[in-house]
Amino acid sequence: MSEKVRAMHRTQLYIDGAFADAEAGGTFLAIDPATEQAFAEVAAGQGADIDRAVRAARRAFDSGAWSGLSGTVRAGHLRRIAQGLRDRLAEIAALEVRDNGKPLPEAEWDVGDAAFTFDYYAGLAEAEDSRPDEEVDVGDARFLASIAREPLGVVGAITPWNYPLLMAVWKVAPALAAGCTIVLKPSEICSLSCATLAQIIHAAGLPPGVFNLVTGTGPEAGQPLADHPLCDKIAFTGSVATGRKVMMAAAAGIRTVALELGGKSPFLVFADCDIEKAVEWILFGIFWNKGEVCSATSRVLVERSLYPRLLARLKEAAEAIPIGAGLEPGVKLGPIVSRGQYEKILAAIASGKASGARLVSGGERPAGRPTGYFLQPTIFADVPVEASIWREEIFGPVVCVNPFDTEEEALALANDSAFGLAGAVMSDDLERCERVARRLRAGIVWINCSQPTFVQLPWGGTKTSGIGRELGRAGFEAYFETKQITRFDPAESWGWYLAGGQ
């Protein structure tokens, strides 16, 4: 190992309230996608580390050290975590830029959202203290029945690299608020902000074992977590292919699973809308976060009378987007997260060209950027609907644009997809917007916008885009089990087998 690597900042695992190296001593490098250079060394946990973490979470849950606390007490811890994130916002955002490549303002937004997520679920945890069990009239006065809710148990969370901190917090915050314990395995491509989150959680004083962090690769750490028999729930965000493996692992143990998977979301643009607003939201819908967004509106359908003008304006606007390293002032499009993802996107662009789709703009490395995983914002038009770039998730700054003639045709094209995460519609006719929104087969629909995401609202998809919901109250309820409690009046006699009769 070179002296340069030896001198790098190193992260550790966080298990049972303590920081430690991986049991086998392994590490991997964090690569800055703007420079292609390593800048940190990350602990590489494996199955033995996962086992220690899950067992610690199991002990912490079964002891009641966390689940037995009032919601108000748990909320106090969550608010300390939120403040810890705010106190270190600039540091975490800069770290996330170097790890992921996103522009600094986007990273700052993400860290702020993560802090708010902890505050939001702290409020729900407090409200839980005054939420009584639901009493149910079963039609027999001798019985008193109620429905109670209990924390689900030990959660294994496996999270992606596109929003490294925020997507982890979407799972960690509601799980902790509900009284669950958790083992977090972030993506090996971007782990550093989650390592900082572990430091903040440690400082917030949670009991040992309530939160655990194991960094490592999918096969060496993610799969053992999905397979572990002491986990009560696996919450996963990532690709459809990996989601299938996680679901199979959960099925083997008959455990709860939540999956937030891919998307190929449509954006229907009608001719009566303001073209400048349409272009702004199309750009935001696909080039925000470099297009590394599961809900990105990457299939744009434009009413034919607007189609030529919109394409021309979209091309002009896309070519004006400032491209560069995320820490450079004014940058709106950073580098792709990794070499592997960069090569996948380039292969998709080549496939698009071969399909007969018209390359309107982009598709190449920008001038003056000989190193780093930089890519021009890319626009395809007149895309064959059977082409892979129209049907498969690219997860990068590539948008496909096609015309339509009628509302019915637009809806048919929009819904003709294996995915169903999100969709958007733009029109000055709000009645039409509402009508189209109801008919789009997706878990999330935006009207006259694309991608705004609010912690207070449920998030999740249909079809191969996943199972279950995160965020909002639904994301809180997902970490509870429902229990029936039925009491028989001790003054009564059942008398089925013994004397007395009914």
Side-chain angles (χ1 to χ4, degrees), residues 53-75 77-78 117-118 120-138 143-159 169-185 206-207 209-212 225-237 243 246-260 458-460 466-487:
V54 173
R55 291 182 183 279
R58 183 81 265 164
R59 288 193 301 272
F61 182 80
D62 291 345
S63 72
W66 183 249
S67 60
L69 298 176
S70 69
T72 300
V73 172
R74 290 199 298 269
H77 287 285
L78 266 60
T117 301
F118 275 107
Y120 172 76
Y121 284 108
L124 292 188
E126 284 176 331
E128 195 68 15
D129 287 345
S130 59
R131 182 173 175 176
D133 292 350
E134 178 187 354
E135 293 189 359
V136 180
D137 184 352
V138 295
F143 292 92
L144 178 64
S146 62
I147 298 172
R149 291 152 18 93
E150 296 179 340
L152 192 149
V154 176
V155 177
I158 303 171
T159 56
V169 167
W170 282 13
K171 294 171 173 52
V172 172
L176 293 180
C180 296
T181 59
I182 193 163
V183 177
L184 171 64
K185 204 300 282 185
L206 277 67
V210 171
F211 171 84
N212 305 271
L225 181 56
D227 289 337
H228 205 290
L230 296 183
C231 281
D232 298 298
K233 175 174 181 170
I234 302 297
F236 171 80
T237 298
V246 170
M247 193 170 185
M248 289 174 66
I254 318 296
R255 288 171 293 146
T256 302
V257 64
L259 304 174
E260 204 266 83
W459 181 274
I467 297 171
R469 294 293 182 268
E470 295 187 306
L471 298 185
R473 176 163 285 281
F476 183 55
E477 302 290 348
Y479 291 97
F480 285 93
E481 290 281 17
T482 300
K483 173 181 283 185
Q484 173 206 138
I485 300 175
T486 300
R487 309 162 184 83

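Values in this document were obtained by computation on a predicted structure and should not be read as measured data. If you read the sequence from its start, that first residue is 1, and numbering goes on from there.
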Roughly how far, to the nearest 0.5 Å, is the [atom2] atom of [Y] from the [atom1] atom of [X]?
X      : Y      : atom1 : atom2 : result
Leu206 : Ile182 : CG    : CD1   : 11.5 Å
Glu128 : Thr72  : CD    : OG1   : 10.5 Å
Leu78  : Glu126 : CG    : CD    : 10.0 Å
Arg255 : Leu152 : CZ    : CG    : 11.5 Å
Glu470 : Trp459 : CD    : CH2   : 10.0 Å
Cys180 : Lys171 : SG    : NZ    : 13.5 Å

| query | Taking Asn212 for the side chain and Gly209 for the main chain, is one N or O donor matched with an acceptor at less than 3.5 Å? | reply |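 Yes, the answer is positive, given that a donor and an acceptor are paired below the 3.5 Å cut-off.
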
| query | Counting N and O atoms only, with roles assigned by atom type, does the side chain of Trp170 sit under 3.5 Å from a partner on the main chain of Leu471, one being a donor and the other an acceptor? | reply |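 Not at all, since once roles are kept as given, no pair shorter than 3.5 Å links the two residues.
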
Taking the side chain as every heavy atom from C-beta outward, state whether [X] and [Y] have any atom pair closer than 4.5 Å.
X      : Y      : result
Ile147 : Asp133 : no
Thr159 : Leu184 : yes
Phe211 : Val172 : yes
Asp232 : Val155 : no
Tyr121 : Leu176 : no

Give the minimum heavy-atom separation between [X] and [Y], together with the two atoms involved.
X      : Y      : answer
Thr256 : Glu481 : OG1-OE2, 4.5 Å
Val257 : Ile467 : O-CG2, 4.4 Å
Ile234 : Cys231 : CD1-CB, 4.0 Å
Leu230 : Arg55  : CD1-NH1, 3.7 Å

| said: Walk me through whether Val183 and Leu225 qualify under side chain to side chain contact (heavy atoms under 4.5 Å, CB included). | reply: CA-CA 8 Å; Val183 177; Leu225 181 56; 4.0 Å; yes

| What pairs of residues pass the side-chain hydrogen bond (donor to acceptor under 3.5 Å, both in side chains) test when at least one of them lies in residues 471-480, not counting sequence neighbours? | Arg131-Glu477, Arg149-Glu477, Arg473-Glu477

| message | Please evaluate residues Trp66 and Arg74 with respect to the criterion side chain to side chain contact (heavy atoms under 4.5 Å, CB included), reporting the C-alpha separation (whole Å), side-chain torsions for both, the decisive distance (0.1 Å), and the verdict. | response | CA-CA 8 Å; Trp66 183 249; Arg74 290 199 298 269; 3.3 Å; yes

| What residues form a side-chain hydrogen bond (donor to acceptor under 3.5 Å, both in side chains) with Ser146, not counting sequence neighbours? |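 side-chain hydrogen bond (donor to acceptor under 3.5 Å, both in side chains) check on Ser146 returns Arg487.
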
